[in-house]
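Inspection log for the structure reproduced underneath, given as structure tokens.
Chain letters run A, B, ... following the sequence lines, proteins first and then strands; every chain starts at 1.
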Amino acid sequence: PSAKGGGGGDDAGTSYGDRWYEEVDGSEWKRGGVKWKTLEHGGVMFPPLYTPHGKPFYYDGAAVPLTAEQEEVATMFAAMRETDYAKKETFQKNFMEAWRPLLKKTDEGKPVKKFDKCDFSAIAAHLEEEKARKKEMTKEQKAEAKKEKDEAEAHCVFALIDSRKEKVGNFRVEPPGLFRGRGEHPKMGKLKARIWPEDITINVGEGAPVPAVPDLGDGKRHRWGDVVHDNTVTWLAKWMDSINGDVKYVMLAANSSWKGMSDLAKYEKARELKKHIGRIRADYMKGMKNPDMEAQQKAVAVYLIDRLALRVGNEKNTDEEADTVGCTSLRVEHVFLDEGDNKLRLKFLGKDSIEYDATTDIIPEAYKALKSFVKKKKPGDQVFDQVNPTELNDYFKHFMEGLSAKVFRTYNASITLDAELRKTEQMVSARQRAAEGDVVALMAYYNIANKNVAELCNHQRATPASHANAIAKMDEKIETLKAELKELKKAGSGKVEAMTKRISKMEADRRNKDETKNVSLGTSKINYNDPRVTVAWCKRFEVPIHRPFPKTLLAKFTWAMSVEPDYEF
DNA sequence: GGCTAGACTTGGAACAATGTTG
DNA sequence: CAACATTGTTCCAAGTCTAGCC
């Protein structure tokens with residue numbers, strides 16, 4: 001039970017209204033603290049039960065009749081036939097292993113065992129047809145279908161929490177399917193089981209009505225697995241995932257007050273780090289000179305987390321999960337120290353199996369220390385064998401309450417954005433403003449600042465499918481404009497200057513598009529950049545807030561809108 | 001103390017809606 | 001107005017981190 005700070009009486013901190021951000025400052029948002037007094041909601045929506053299509057499946061050239069249960073899983077695979085997953089051996093193997101027990105129930109004499117002899121093409125063709133039929137629906141039909149869906153879900157969309165109406169995020173229970181792990185995930189292709197009401201725990205206020213168990217259409221009367229009244233958590237429902245055994249939660253949407261308060265608390269914590277970062281940096285500089293190996297490793301690990309914005313790198317089980325690493329789990333094979341004096345190259349797969357590959361100038365002390373850490377070790381050995389995330393996070397607590405490794409990422413991202421945006425006057429020329437218009441020129445610069453943060457955090461994406469095409473089109477356009485320019489020059493036209501500008505703008509756009517083809521800008525905007533930095537900047541430069549923050553982000557960040565123009569992270 | 005269940009944030013891709021263009 | 005591109009939303013996987021168990 002957390003006492004409300006700032007004179008709110010001895011009640012738990014849940015008495016704020018819709019505009020909670022005018023009343024609280026984020027400091028009362030505590031893990032394990034009381035989150036609500038009353039909680040009422042409509043429960044969850046289940047995916048429809050499987051309807052068999054009866055299309056044939058062939059094994060070794062012959063049609064094999066499938067039961068509904070068998071066909072359902074075959075159809076899951078058929079739907080993924082053209083994806084990269086379906087071509088991977090691990091996926092095929094896990095899929096067959098999941099499918100076999102179902103097939104076993106009926107196959108006599110002609111067991112379906114070898115993946116290579118399976119032919120899903122008729123089922124795949126059927127799925128294509130269905131897709132085409134859906135596409136051919138008229139506008140009216142589509143609208144009608146959407147209306148029906150919305151009506152069926154309406155009771156789940158909002159929750160009533162301490163008299164506030166709050167949007168629920170993911171009230172749809174995940175449908176069964178073939179697990180799509182990222183990277184080389186050992187479990188890819190396994191069957192993710194269907195979730196039934198009996199698997200679900202509902203969390204609801206003590207006096208509130210328990211949400212009705214929906215009729216699934218299977219003629220059975222279902223019940224919730226459990227109903228609890230836990231006011232120290234923010235989830236409305238949960239169930240256990242059959243792939244990894246971890247818990248999946250139904251929580252509120254990003255624009256809810258709970259997420260907002262938590263967000264505010266997160267950024268305030270990161271700002272708090274500003275006051276302590278000097279001491280922390282001084283301490284790791286000292287630590288690198290400490291003859292004790294453990295002290296040295298801790299110092300260098302913190303240095304990398306701070307300067308390279310690495311994640312802490314918790315332990316992973318490579319039999320059950322993809323082999324990815326973070327700072328403390330780096331292995332010798334990921335570290336290259338032969339790229340020049342005091343140059344560190346790190347090449348490893350991080351979260352989501354996204355590759356980190358960058359060479360950074362580091363301080364000589366860290367370079368020297370790293371050399372000693374990898375000495376006499378095998379490629380598969382840990383670089384930081386004497387430190388682990390728990391120890392690091394305990395150590396951080398000596399400097400600041402609540403400080404943990406991830407705070408450094410938030411801190412570095414937000415402070416970078418703030419610093420970059422402070423250079424706006426110098427970076428956006430009057431000429432550019434005149435040529436492109438103020439808002440366009442300013443937003444181009446904002447996006448560069450945003451891109452710098454994304455690169456700091458190594459937020460990458462696959463090149464969009466349309467990229468090459470789009471670039472080719474732009475090139476073509478540039479060529480035409482250049483030809484036009486030539487004509488204008490020849491004619492001694494007054495439009496030469498305007499055309500030159502137009503071309504350079506176009507070329508800048510092209511360059512920008514190409515340079516950001518592999519950069520994912522959204523993640524830093526949504527999770528790392530203190531929104532108040534952006535809001536204040538918009539106010540200072542008279543940029544409409546919807547330019548950097550489209551509708552959903554605006555809703556997510558309502559708490560940040562009233563910040564003063566001179567706000568500093 | 002070490003371990004892990006549990007809760008919550010972070011993450012890219014897939015999908016849907018909307019905007020642009022020919 | 002269809003085809004395509006872009007932007008916005010949903011999905012659900014994959015991290016972090018600590019309370020509380022032994």
- [ ] State whether K451(A) and E455(A) are salt-bridged, where the test is any N-O pair (Lys NZ or Arg NE/NH1/NH2 against Asp/Glu carboxylate O) under 4.0 Å.
- [x] yes

Open item on the list: Could you tell me how far apart L553(A) (CG) and dT7(C) (P) are, to the nearest whole angstrom?
Closed with: 14 Å

TODO: May I ask you to evaluate whether Y249(A) reaches the phosphate of dT9(B), defined as a side-chain N or O under 4.0 Å from OP1 or OP2?
DONE: no

TODO: Using the salt bridge (charged side-chain N to carboxylate O under 4.0 Å, His left out) rule, collect all pairs that involve residues 232-261 of chain A, keeping only residues at least two apart or in two chains.
DONE: E174(A)-K248(A), D241(A)-K248(A)

Task: Distance under 6.0 Å and angle within 45° of ring axis: K190(A) vs F179(A) - done: no

- [ ] List the protein contact pattern of nucleotides 11-22 of chain C with one symbol per nucleotide (5' to 3'): B for base contact, S for sugar-phosphate-only contact, - for none; contact means a heavy-atom distance under 4.0 Å.
- [x] SBSBSBBBS---

TODO: To the nearest Å, give me how far apart CH2 (W36(A)) and C1' (dA7(B)) are.
DONE: 15 Å

Open item on the list: Looking at dT10(B), I'd like to know if its phosphate oxygens (OP1 or OP2) sit under 4.0 Å from a side-chain N or O belonging to K266(A).
Closed with: yes

TODO: Send over the distance from N255(A) CG to dT10(C) C1', rounded to a whole Å.
DONE: 14 Å

TODO: Check whether any side-chain nitrogen or oxygen of T552(A) sits under 4.0 Å from OP1 or OP2 of dG8(C), and answer yes or no.
DONE: no

TODO: Using only side-chain N and O atoms of K551(A), determine if any of them is under 4.0 Å from OP1 or OP2 of dG8(C).
DONE: no

Task: Interatomic distance, I526(A) CD1 vs dT10(C) C1' [rounded to whole Å] - done: 12 Å

Task: Centroid separation F171(A) to H41(A) less than 6.0 Å - done: no

